Amino acid sequence: MDALIRLKEVTVLSQDFKVLNKADVTFPAGKSTVIMGPSGCGKSTLLKVAAGITVPNRGKVYLREANLFRLSEKKLLSFRKMNGFMFQDAALWANKTIFDNLALPLQLHHRELSSREITHKVNTLLEIMNLDDSVKLRPAQLSLGERKIVSFLRAIILDPAIVYLDDPTPSIDHAMLENMMQMIKELKDKGCTIIAVTHDAHLTSMIADYLVILKQGRVVEAGEFEKVRKSINQEVIATISEVLSEAATYDSDLLDLMGG
Amino acid sequence: MIIKLGRWFNHKLKEFLYATGFLLNILKESLLFLKHKQVGFRVFIMQVLFTGVEAVSIISLISISLGAVIIVQGISILPRFGQGKLIYTILIIVIIRELGPILTAFIIIARSGTAIATELGNMVISHEIEAYLSIGINPISYLVVPRFLGVIVSMILLTIYFQFFGLFGSFIVTQFIQPIQFREYFGNLLTSIQVVDIISSLIKSLVFGIIISFVAIYQGFTVQMSSTEIPQIAIKAVGQGVVLCILADAIITLIYYL
């Protein structure tokens with residue numbers, strides 16, 4: 001396995017509460033890893049630590065062989081430039097228009113692009129998602145689902161090598177969701193490393209090469225998707241069942257559901 | 001009791017060291033601002049517009065009122081002691097050296113200090129700061145430095161404006177009480193003013209600008225997870241800003257008289 005990002009005994013504290021507790025996880029390059037676990041088990045925090053956004057209280061994070069949080073400012077910046085992060089609550093910049101939310105990363109990191117080219121790129125992405133008439137609106141004027149779509153578009157606008165998706169599918173309407181799923185699939189086909197936190201069995205079955213099961217801040221199981229899915233570890237089975245039954249809307253064998 | 005006191009002291013020391021490091025980081029990034037200006041220049045202009053230009057009306061009102069009060073009081077009292085000419089020295093001391101910078105600072109604390117603290121605090125809660133980090137934007141250079149420099153520049157410009165308008169306003173009021181020639185009035189002011197008055201005033205406005213912006217930014221970033229923290233940090237930004245500005249004012253004035 002070609003490890004791109006590796007978390008070693010990572011602990012994150014919120015006041016005295018252990019959000020993550022000695023988590024050991026490896027995210028392989030060019031593969032898709034899905035993180036599953038019950039609500040509040042530390043999935044989003046794990047994602048943010050892997051993206052270099054949250055600094056752990058204990059433990060280390062490696063990008064290849066280098067300690068991520070010991071990188072020079074320049075190297076850390078270039079690491080972040082190759083990342084795209086979709087936030088669970090969208091985290092759009094409230095005082096900017098939808099256009100500016102999407103254009104800013106391009107204006108900053110692709111100064112060779114003319115404003116016309118930037119406008120074209122932003123408008124093309126918004127058209128795909130049927131959000132082209134929202135260009136001049138502020139995030140507060142959009143629904144949560146639409147904001148999440150814009151957050152997704154912001155994450156992929158720089159053609160990143162690593163995409164982090166924090167619970168991407170809830171609140172999004174069917175048509176937009178289909179478009180988003182298609183774009184995620186294209187990212188995967190292009191060899192982009194995807195790390196996704198989701199309860200969505202369909203998204204998991206579509207992209208997951210690796211699966212991480214998290215419970216109460218601990219990594220219960222991590223490894224190749226098929227192996228983890230068929231694990232006989234009772235804690236893994238119980239956690240997957242719990243997670244998927246939260247998301248499942250119809251009767252089905254939960255593990256089959258995840259099998260696609 | 002001693003253990004509690006020790007813990008409190010330890011916590012305060014850590015906080016002070018963290019704040020000092022944060023300030024040094026801002027100063028370092030401020031020096032690099034010209035390099036980053038394409039990114040943060042618009043934010044800087046917006047900050048100057050909000051802190052400086054939008055405060056002009058209230059500064060005008062306060063400075064003209066202060067000038068008027070000094071003239072009215074001075075003209076009615078000083079001639080009784082044969083010290084009518086002293087009014088010009090008082091105008092210089094009050095408007096240029098003392099109350100001009102500190103009143104301008106109070107107005108900026110009330111308007112921009114609270115606005116910066118609450119805006120940044122809200123951005124922390126809604127993960128907007130993390131969003132900047134996620135796409136490779138340093139929040140210090142993009143969000144903090146333009147606000148920091150914007151407040152300093154506005155503070156200096158507004159103080160100068162306050163002084164001109166205060167002195168001009170007092171001239172207008174003089175015309176209603178005891179008309180005096182424009183040249184004579186400003187001639188007397190110019191003979192009373194010293195270079196050190198202007199330098200002292202500029203140093204004060206620079207120091208106040210640094211204090212106000214830094215306190216507001218620092219407080220904004222201390223918000224952790226709840227919107228109920230926002231009003232608390234706004235109050236702290238005002239309280240600490242006022243206290244530190246008054247302390248700095250006293251120290252600079254003391255140095256002036258040493």
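Chain identifiers are assigned alphabetically (A, B, ...) following the order of the sequence lines, protein sequences preceding nucleic acid strands; residue numbering begins at 1 within each chain. Please read these numbers as outputs of a predicted model, since none were measured by experiment.
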Please output the residues of residues 226-241 of chain B in contact with chain A, using a heavy-atom cutoff of under 4.5 Å, in numerical order.
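From residues 226-241 of chain B, none sit under 4.5 Å of chain A.
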Please check: side-chain N/O of Y164(A) versus main-chain N/O of A50(A), any donor-acceptor pairing under 3.5 Å?
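Judged by distance alone, yes, a pair lies under 3.5 Å.
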Around M46(B), counting heavy atoms of other residues, nucleotides and ligands shown, do more than 12 lie under 6.0 Å from its CE?
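Result for CE/M46(B): open.
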Most heavy-atom pairs under 4.5 angstrom with chain B, which of P105(A), G84(A), A155(A)?
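Among P105(A), G84(A), A155(A), the one with the most close pairs to chain B is P105(A).
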Tell me which of these, E73(A), M82(A), K48(A), R154(A), has more heavy-atom pairs under 4.5 Å with chain B than the rest.
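Of the candidates given, the most pairs with chain B belong to K48(A).
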Check: F148(B) ring centroid to F214(B) ring centroid under 6.0 Å
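Ring-ring flag for F148(B)/F214(B): false, centres at least 6.0 Å apart.
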Aromatic ring proximity, centroids under 6.0 angstrom, Y161(B) and F165(B):
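Yes, close enough.
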side-chain hydrogen bond (donor to acceptor under 3.5 Å, both in side chains) between T51(B) and S154(B): does it pass, once the steps are laid out?
CA-CA 6 Å; T51(B) 305; S154(B) 302; 4.6 Å; no
Is the charged tip of R111(B) near the ring of F50(B): under 6.0 Å from the six-membered ring centre and within 45° of its axis?
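Yes - R111(B) lies over the ring of F50(B), closer than 6.0 Å to its centre and within 45° of its axis.
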Can a cation-pi geometry be assigned to R138(A) and W93(A), taking NZ or CZ under 6.0 Å from the six-membered ring centre and within 45° of the ring axis?
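That pair does not qualify as a cation-pi contact.
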By a 4.5 Å heavy-atom criterion (distance strictly below it), what part of [X] contacts chain B: side chain, backbone, both, or neither?
{"X": "L92(A)", "value": "backbone"}
{"X": "S78(A)", "value": "neither"}
{"X": "D89(A)", "value": "side chain"}

Which atoms of N122(B) approach chain A - backbone, side chain, both or neither, heavy atom under 4.5 Å:
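Looking at N122(B), nothing touches chain A.
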Determine whether the side chains of T11(A) and N57(A) contain a donor N or O and an acceptor N or O closer than 3.5 Å.
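N57(A) and T11(A) do not have a side-chain donor-acceptor pair below 3.5 Å.
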Side chains of residues 145-152 of chain A: which donor-acceptor pairs under 3.5 Å do they make with residues two or more places apart or in other chains?
from    : atom 1 : to      : atom 2 : distance (Å)
E146(A) : OE1    : S143(A) : N      : 2.9
E146(A) : OE1    : S143(A) : OG     : 3.3
R147(A) : NH1    : L142(A) : O      : 3.0
K148(A) : NZ     : Q88(A)  : O      : 3.4
K148(A) : NZ     : D167(A) : O      : 2.6
S151(A) : OG     : F87(A)  : N      : 3.2
S151(A) : OG     : A90(A)  : O      : 2.9

